[in-house]
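Chain naming here is simple, since letters A, B, ... match the order of the sequence lines and numbering starts at 1 in each.
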Amino acid sequence: MTLETEVQSLRQVPMFREVDPARLKLLAFTSERVHFAAGQRFFDQGDAADAAYLLLEGEAAVTLDGPQGAIQVAVLGDNALVGEMGILADQPRSATVTAVGPTTALRIDRRVFLELLSQFPQIAIAVMRELAHRLELTNQQLAQTRAR
Amino acid sequence: MSAVDGNDRDRGRDDGRGSRDGDAEARDAQGGLDRSLFRYVWRHSKRDQIMICAVVLASLPLYFASLDLPRRIVNEAIQGHAFEKGNPTTSFLVLRLHLPDMLGGDKAVFDGFDVDRFGLLFGLSVLFLLLVLVNGAFKYWINVAKGTLGERMLRRLRFQLFSLILRFPPEALRQTKSSELATIVRDEVEPVGGFIGDAFILPAHLGTQAATAMTFILLQNVWLGLMAAGVVGVQFVVIPRMRRELLRLGRQRQLASRRLAGRVGEVVDGIEAVHSNGTEAWERAEIGHRLFHLFDLRLRIYQRKFMVKFLNNLLAQMTPFLFYCIGGYFALKGQLSIGQLVAVIAAYRDLPPPLKELIDWDQQRLDVQVKYEQVLQQFLPERLRPTRTEGCDGALLGPLALEEVGVREPAGPVLEGVSLAVALPTRLAIVSDGTPSASALARVVAHRLAPTGGRVTVAGRDLSDWSSSSLARRIAYASVEPVLFPGSLRDNIVYGLNRPPPGGQAASRDAEEQRRIGEARRTGNPLDGLGDGWVDYVRAGQPDEAALDRAILDWLRRIGMGDEVYRFGLLGQVDPDRHPDLAARVIEARAGLRASLARSGRDHLVEPFDVARYNRQATVAENLLFGVPTSPAFIGRALAEHPVVRAVLDRCDLTDSLVLMGEQIASTMLEIFRGLPTGHPLFEQFSFLSADELPEYEAILARRTAVEASVARHRGSRLSKARRRLMGLERYGSADATRLIALPLAYIEPRHRLGLIDDDFRARIVEARGLLHGTLEATDEGGVDFYDSEAVCVAAPLRDNLLFGRINQSVADAAGAVTAAITETVEELDLADAIARVGLDHQVGPSGRLLSGPQRAAVSLVRALIRRPDLLVLDGALSPMGENRAKAVLGLLLERSGDERSLVVVLPSERAAGLFDVVWRAQGTRISVQAPEAGGTGAPETPGPDDRGEPGDGAGAGRGAAALSGDAMTEPGDGRAARPVLAGPPGNDA
């Protein structure tokens, strides 16, 4: 796997779909590819958010600590981006993410990511668009829930 | 300090040596440099000066003989006067001893050889050559002796100036810039030193030489002699005068032209006013006037300058004319032989150069004297502190009393009429009210500041009764601005333990060392070498270096710098000579670490170095060298230029691959970093190229594209290929290729992921590694410290030596896990102390800039503590450490003082005052005494840190702990954390 395949993976992420390939290459180049063993934590709920991860191979489970112990809320697969909300909002991790099997991910450092956002408005707009999209989706879901 | 101390001590020790220079040295000790440069030179170098002058005098007869020989050659050999009576031969080299008659009159020592005319000619000529050689040898010796003498005097002068600088009180240094003093010692005395060698000898040498030549001419013919003397007189009197006038005019012109520039500037700046007042005409007239003045000056300079030239030329040409004309007249009349005439002309040729040098010497003398006096102005004795004083050496115990002490600074009084007393040993707090008075009082007590009025006594004796060395030893003072010198942590901490080595230099049998000492004696420099023995272990209460290191580490840990020193140690290099035990155990620890990683199934975290395998986590350069470069020729771009490396790359067929890789890296970097502003942090952190190299590589790639396009157009013909090759139009020029090869040397496939490295490449690199290793070993050049699994790689940091491999960066959180594993192994093998000792070798940089503020403060504090002073004065020394640590350290210090040793601390606020036995409060320029409220001088209960330097639990009941938990040392912060932290840097508890 080389930088090129990572760029392909990044292009699958809705947030980066519109971004110039050369910029995605820079994002990939300034990120690290890391391997997680089965069961190894990406991060724990409450940790400081220092990076986002793009899953390249394998699966990761998202769990929330509840009063009755951990509840698994989702399992993420290839080309999923996780932890990006934490680095944008500069808030502690809202969930724990654990590798299900041996997993490879692209670790996007928070500082580098913010540096890229401030340097290239194109990326910043793409991120905003994605966030606005999600907000709209949440609003719709809320409206549906209320309507019931 | 120590250098001067050493000097003084040696004077004491050398008393038995006789007081040959006793007075002079005593005057030196007063700091005196003579008012006159010549007196100074004479006082310190009369023996050498006299000796060289004696040699000069001894050389004169030979010089005279070399002047006389041409006459004999012409008269006796060429004209044949020696053979006048028809003798076919004559005697050559007749040596006669002229003795007074009562000793037997003349005595022939050697009757000489019988030679014919040719024999005589060649014999005399050879004799002449010999004399030339001998005279040259004399000149050589005199010049070397002069140079040596000048350099010795320069050394003495510089050393004296430096000694005087050490005696400058801090107040005086506030007015003088340190760089100015440094410039004086370095630059300004340099010409003085150069002149000193010439001061007496040059006039003696050249003067007597000129006089000899003059005498010779006079002896041949009085008239010719008088004529030459007249010409010389004109040269000697008129020309220097005109030259002096020239210099004066030159200076005037410089001033005038500087003023002109200033005036033009003024007009330009004030052009508004000129326009609005309509004064262009006046300004024009004004500038015109200045220009005339400049012109006039230059004209007068020309007139004099060329007059000097004219006179010089005239005299140079006139004299031979007179000699030929008048000398020829005498020769024709038979009053002068041809030989004499030739000799006179030759002798006259020798006259002007020495005279010119004499004139130069005179000018230099004026110059240098002014410089010397200027230097002297900076070192007036009244500005200096007295030299070491003798006195008693009693412990500072008993009542410490201040009687009517006052301190006055230019801005006004700082302390007035302070009369206080306290019994030592004690723990005394001086609470500041924001004015400088508390700090001034602390400095007065610490003997750092001499009060302008009143006196300080201990046990009834004035503090100045103690010898200065005793006070320096018994009092330690640490201020808010620690002064660190470049060197290691250890050097800085033991700085206060330095004292001249006992035993002295007599034991040394080394010839070079004896020579150094001899020179030091001749120049009034300290005799002590810089080697071992300067550290006073006894004063630190330690038997040897290892124990002292342990004590230092103990203090550093208590003050909370233990972890940092350990980390410095891991990043430091292990010198097998200094740490032989550790070097041996590193190999053991290396194996232990590997085993421990394997045991816990974490051996994939580190890829070990293996001479037969490519290490995927290391750069291409590292894989190629398989070692750590120790010479810059093997680092970075230089490696790509190294001829041996390039030859090996060629042999292993790697050059083309590397160029190709470089091309791909360059084009990728150009693609992805385009659009980032230059100097952007992402560049520095990630790019293979620095921002300013981008255009360069862009140009390289552009050149390649052009060449390829041209190849495509003229495809085919073998002829055009050969032509391109001849014209250097291969795909890349060799310089471009080198630049490209430099790029992949830093490449690591798992990190950079450009997909450039395959197994074949790896195999070839490993092959090249072996070849390079062999070639470098064979040439025995060094430059690379190769990895060896059974030996310590001295050039690599200790941490790398323990790992002996590279951390696998593609495993999540590998670095953290490996660090934990290292700590485990280190603890298992009990190496932490040894590693921390390596950490003491950590370099602090100029003024300690490589350390953080708290680290500098800790070093400065331990420097004071390790000396075990009777009286420790802290004047804001804890404040850089931050609130929590300062509290903890204060508690520690309080606990350790009061029984034998006294502690004086300047506190910024009341909060911690309750912990002290005695509290003085500054109020403006007054100090008031107040006993602690709850009346006891008993030991306050402070959180007691245990021996390992772990944090006390802070739960200690009572007033002490309560006060400690307040914001003792700094202004109110967020008020959290009542936990004194002893181990660990500040902020770790956040």
Salt bridge (Lys or Arg N to Asp or Glu O under 4.0 Å) against E671(B), all qualifying residues, sequence neighbours excluded: K25(A)

Minimum-distance pair of heavy atoms, taken over all atoms of I672(B) and L26(A):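 Looking at all heavy atoms of both residues, the closest pair is O-CD2, 3.6 Å.
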
Spacing of NE2 belonging to H752(B) relative to OG1 belonging to T2(A), to within rounding of 0.5 Å: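 Result: 14.5 Å between the selected atoms.
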
R753(B) side-chain N/O to E6(A) backbone N/O, donor-acceptor pair under 3.5 Å: no

Contacts table for residues 806-813 of chain B: side-chain donor-acceptor under 3.5 angstrom, sequence neighbours left out:
{"from": "R806(B)", "atom 1": "NE", "to": "E622(B)", "atom 2": "OE1", "distance (Å)": "3.4"}
{"from": "R806(B)", "atom 1": "NE", "to": "E622(B)", "atom 2": "OE2", "distance (Å)": "3.2"}
{"from": "R806(B)", "atom 1": "NH2", "to": "E622(B)", "atom 2": "OE2", "distance (Å)": "2.3"}
{"from": "N808(B)", "atom 1": "OD1", "to": "Q617(B)", "atom 2": "NE2", "distance (Å)": "2.9"}
{"from": "N808(B)", "atom 1": "OD1", "to": "S810(B)", "atom 2": "N", "distance (Å)": "3.1"}
{"from": "N808(B)", "atom 1": "OD1", "to": "S810(B)", "atom 2": "OG", "distance (Å)": "2.8"}
{"from": "N808(B)", "atom 1": "ND2", "to": "H604(B)", "atom 2": "O", "distance (Å)": "3.2"}

Portion of R23(A) that has a non-hydrogen atom of chain B nearer than 4.5 angstrom: side chain

Proximity breakdown for F42(A) and chain B, heavy-atom pairs closer than 4.5 Å: neither

Over 12 non-hydrogen atoms of neighbours within 6.0 angstrom of CZ in R616(B):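 Incorrect, the count does not exceed 12.
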
